[in-house]
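Comments concern the structure below.
In what follows, chains carry the letters A, B, and so on, assigned in the order in which the sequence lines appear, proteins first and then strands, with residues in each chain numbered from 1. Quick caveat, the model's predicted, so the values are computed rather than measured.
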Amino acid sequence: MVKVRFAPSPTGYLHIGGARTALFNWLYAKHNNGKFVLRIEDTDRERSTKESEQEILDSLKWLGLDWDEGPGKSADDSMYYQTKRLPVYHKYAEKLLNEGKAYKCFCTREELDAERKKAEAEKRAFKYDGRCSRLSAGEIKANIDSGKPYTVRIKVEQSGETVMHDIVRGEVRVQNSTLDDIIILRADKMPIYNFVVVVDDVEMGITHVIRGDDHLSNTPKQIHIYRALGFELPRFAHIPLILGADKSKLSKRHGETSVMRYKEMGFLPEAMVNYLALLGWSPDSEETIFTPEELASKFDLDKVHKSGAMFDNKKLTHINGVHIRKKNIDDLTALCVPYMKKDGLITQDDVNTRLEFIKHTVFLQQEKLQTLSEISALSDYFYRDDIVLNADAAKVLEKNSAEKGKILEILLSVLETAGVDKTKVEELLKTEMEKAAIKPKAYMHVIRAVLSGTTQGPGLYDIIETLGLEKSRKRIKAAL
RNA sequence: GCCGCUAUCGUCUAACGGUUAGGACACGGGGUUCUCAAUCCUGUAAUUGGAGUUCGAUUCUCCAUAGCGGUACCA
């Protein structure tokens with residue numbers, strides 16, 4: 001059975017790139033009726049926080065990327081937190097030490113840093129020379145007796161090459177001579193990523209390691225660790241990075257990268273999923289709009305592209321608009337309400353007492369919305385007492401100033417007899433205006449400006465009907 | 001520097017070695033419409049360069065160039 005995992009380190013929010021990696025794993029698991037595991041890689045104690053972890057969990061949940069195993073899925077979560085599995089890693093490290101496949105390295109970080117710097121200054125590649133592996137038993141004992149801290153390194157064979165078969169990259173070869181002895185345990189006994197990732201993937205039975213391209217050069221090292229441990233290799237798939245506008249790996253300096261910020265900005269999770277899936281992968285067909293379920297049924301690793309993909313907010317926004325248009329009005333309203341509340345258009349009381357009205361105003365803007373957050377600016381004139389006349393609308397009134405008074409007088413009388421029913425108003429207004437020899441374009445534009453303060457929006461008669469008699473009358477009188 | 005990866009419209013991408021190099025976003029034009037949006041039609045726009053293999057290279061090989069990633073007691 002296919003079993004994949006997403007293994008974030010809780011050192012910050014879940015960003016777009018991480019979300020896409022999680023998504024590809026999730027899609028692959030779903031597609032193959034496999035399992036999707038979430039594991040928290042918190043061995044970097046200095047930077048890991050509980051808040052970050054919570055935000056990552058919330059982000060994944062929001063995106064709908066539910067995990068089969070991981071935090072919150074069983075009575076005992078400890079298996080999914082690396083800091084809670086320290087004895088396991090120590091056990092394996094001990095085993096390697098006993099078998100002579102690993103050794104204790106007494107070199108200090110300072111010494112190594114100095115050598116690295118020197119090598120850099122001399123334009124040489126720095127590589128640890130493995131000197132501690134050649135220490136005599138006596139020297140080792142002396143070091144330990146004197147309490148000298150040590151890291152644990154795995155000895156890496158220096159001849160030959162390591163070949164990996166990546167599902168998306170194909171065959172990748174590296175000369176072993178370019179690798180140095182890999183640290184698996186820090187001086188404080190905390191295990192290192194390359195080591196824990198191997199141990200955990202094996203212990204969890206991960207069959208496919210799907211991760212960002214930036215891990216490609218770690219893979220040969222990990223393969224050496226697998227071999228030292230006598231483990232079988234999983235299948236690897238390195239997916240292309242998501243790039244910013246300058247084609248470097250997407251990061252904060254390119255703008256918003258936090259998944260939760262996209263939620264705040266009014267993006268739908270299914271739109272994020274849809275867009276992210278298309279970044280680095282393409283379906284057989286030429287369609288572009290998919291539900292998460294459709295993506296899961298179509299997704300496969302062999303259609304994953306090799307090169308990095310630039311994140312394009314415009315396309316995301318377009319896809320978001322399409323998904324918004326597909327929403328039913330109850331769901332869309334529920335989604336819009338938080339934004340309307342935040343922008344002061346409505347209160348919870350309004351939600352309780354005039355939900356149908358709110359729904360209707362949302363309905364009128366549905367086809368125009370690209371992001372949920374736009375709802376307030378588009379429909380505020382339905383909620384305000386008075387309009388705010390924008391520049392374009394002012395221009396319209398000015399242009400038609402000669403007829404404005406007459407138009408409004410007629411409208412007023414039409415409303416008095418017809419009420420605000422949109423078909424009745426349309427009918428009567430049309431005949432009355434014809435009598436007065438006023439062109440539709442002229443009176444409609446003027447009325448729209450007076451009633452909404454803008455030059456765009458839903459159909460004019462929808463506006464009148466939604467506004468109601470009282471507000472319409474008030475705005476007409478104010479403009480006269 | 002060293003190691004690795006990558007290279008098709010501005011962007012995301014498609015194309016058994018044979019296509020007028022296709023689609024989507026964005027942009028431009030037009031239809032529809034009371035406006036905007038939506039929708040429909042439509043236009044502009046790409047194979048990094050050089051060798052080689054081949055009857056024929058976007059596609060295979062090599063070189064160059066460029067970009068990216070890695071080069072930690074981070075993940």
- Message: Are A:His215 and A:Tyr193 an aromatic pair, judged by ring center distance below 6.0 Å?
- Response: yes
- Looking for any heavy atom pair under 4.0 Å, which part of the strands does A:Thr108 touch: base, sugar-phosphate only, or nothing? base
- A:Arg134 CZ: over 12 foreign heavy atoms closer than 6.0 Å: yes
- Message: Please report the distance, rounded to the nearest Å, between NE2 in A:His238 and P in B:A75.
- Response: 16 Å
- Item | d(CD1, A:Ile289; C1', B:G23) in whole Å | 13 Å
- Query: With respect to the side chain of A:Asp214, which nucleotide from B:G69, B:C5, B:U35 is positioned closest?
  - Reply: B:G69
- Any strand: nucleotide that pairs with B:U71 via Watson-Crick or wobble, under 3.5 Å: B:G1
- Task: Take atom C1' in B:A24 and the same atom in B:A14, then report the distance between them in whole Å.
- Result: 11 Å
- Item | 5′-ward residue of the pair A:Glu367/A:Arg173 relative to RNA chain B | A:Arg173
- Task: Between B:A75 and B:G70, how far apart are the C1' atoms? Round to whole Å, please.
- Result: 13 Å
- C1' gap between B:A46 and B:A21, integer Å: 9 Å
- Taken to the nearest whole Å, CG/A:Leu185 to P/B:A72 is 19 Å
- Task: Take atom P in B:G52 and the same atom in B:U71, then report the distance between them in whole Å.
- Result: 40 Å
- Query: When you measure from the side chain of A:Glu161 to the backbone N and O of A:Val174, does any donor-acceptor pair fall under 3.5 Å?
  - Reply: no
- Query: Do any N or O atoms from the side chain of A:Tyr443 and from the backbone of A:Glu403 form a donor-acceptor pair under 3.5 angstrom?
  - Reply: no
- Message: Work out how far the P atom of B:G10 is from that of B:C16, and round it to whole angstrom.
- Response: 23 Å
- Message: What is the separation between atom CG on A:Leu216 and atom C1' on B:C3, rounded to the nearest whole Å?
- Response: 11 Å
- Query: Considering every strand shown, what is the Watson-Crick or G-U wobble mate of B:U65 when both distances are under 3.5 Å?
  - Reply: B:A7
- Presence of A:Arg211 side-chain N/O under 4.0 Å of B:A75 phosphate oxygens OP1/OP2: no
- Item | A:Lys189 NZ/CZ over A:Tyr150 ring centroid, <6.0 Å and within 45° of normal | yes
- Are the side chain of A:Lys91 and the backbone of A:Leu86 linked by a donor-acceptor contact shorter than 3.5 Å? no
Could you list the protein-to-nucleotides 11-14 of chain B atom pairs, N/O on both sides, closer than 3.5 Å?
residue, atom, partner, partner atom, Å
B:C12, OP1, A:Met310, N, 3.0
B:C12, O2', A:Leu278, O, 3.0
B:C12, O2, A:Lys315, NZ, 3.2
B:U13, OP1, A:Gly280, N, 2.6
B:U13, O3', A:Ser282, OG, 3.3
B:A14, OP1, A:Ser282, OG, 2.9
B:A14, OP2, A:His305, NE2, 3.0

- Is A:Arg116 touching bases, backbone alone, or none of the nucleic acid, heavy atoms closer than 4.0 Å? sugar-phosphate
- Task: Would you classify A:Val197 as touching base, sugar-phosphate or nothing, given that sugar-phosphate means primed atoms plus P, OP1 and OP2, and contacts are heavy atoms under 4.0 Å?
- Result: nothing
- Nearest-Å distance once atom C1' is located in both B:C12 and B:A64: 28 Å
- Under 4.0 Å between any heavy atoms, over every strand shown, what does A:Thr455 touch: base, sugar-phosphate, or nothing? Just pick one. base
- From the options B:C73, B:C2, B:C34, select the nucleotide whose nearest atom is closest to the side chain of A:Ala125. B:C2
- Message: Is it the case that the base of B:A75 and the side chain of A:Asn218 share a donor-acceptor contact (distance under 3.5 Å, atom types as modelled)?
- Response: yes
- Message: For B:C5, does the base pair up with any side-chain atom of A:Arg169 as donor and acceptor (N or O, under 3.5 Å, distance only)?
- Response: no
- If the C1' atom of B:C9 is compared with that of B:C5, how far apart are they to the nearest Å? 24 Å
- Options B:A37, B:A75, B:U35, nucleotide nearest the side-chain atoms of A:Ser9: B:A75
- Heavy atoms under 4.0 Å, any strand shown: does A:Pro149 hit a base, just sugar-phosphate, or nothing? nothing
- Send over the distance from A:Lys249 NZ to B:G69 C1', rounded to a whole Å. 8 Å
- Nucleotide nearest A:Ser217 when distance is taken to its side chain, options B:C36, B:G69, B:U71: B:G69
- B:G18 - base-pair partner by Watson-Crick or wobble geometry, distances under 3.5 Å: B:C55
- State which of B:G69, B:A75, B:C5 makes the closest approach to the side chain of A:Ile192. B:A75
- Task: From the options A:Ile324, A:Leu276, A:Asn274, select the one residue that forms a side chain to side chain contact (heavy atoms under 4.5 Å, CB included) with A:Ile319.
- Result: A:Asn274
- Earlier contact from the 5' end, RNA chain B, for A:Val174 and A:Asp42: A:Val174
- Closest approach of A:Pro240 to A:Ser307 (non-hydrogen atoms, all atoms of both residues): CB-O, 3.1 Å
- Are A:Arg186 and B:C74 close enough that a side-chain N or O sits under 4.0 Å from OP1 or OP2? yes
- Item | d(NZ, A:Lys399; C1', B:U35) in whole Å | 12 Å
- Query: Rounding to the closest angstrom, what is the interatomic distance between B:G30 and B:U44 at atom P?
  - Reply: 16 Å
- Item | Donor-acceptor pair (no angle test) under 3.5 Å: A:Lys368 side chain, B:C36 base | yes
- A:Asp300 side chain to A:Lys303 main-chain N or O, any donor-acceptor pair under 3.5 Å? no
- Task: Take the angle between the ring planes of A:His238 and A:Phe236 and call it parallel below 30°, perpendicular above 60°, tilted in between.
- Result: parallel
- Taking C-beta and beyond as the side chain, do A:Ile192 and A:Arg186 meet within less than 4.5 Å on heavy atoms? yes
- Note on the structure: As its Watson-Crick or G-U partner within any shown strand, both distances under 3.5 Å, B:A37 has none
- Of the listed nucleotides B:G69, B:C74, B:U35, the one nearest the side chain of A:Asp44: B:C74
- Does B:G28 have a Watson-Crick or wobble mate here (both distances under 3.5 Å), and if so which one? B:U42
- Give the rounded distance in Å between these two atoms: NZ of A:Lys306 and C1' of B:U8. 15 Å
- Between B:C5 (C1') and A:Leu241 (CG): distance, integer Å: 11 Å
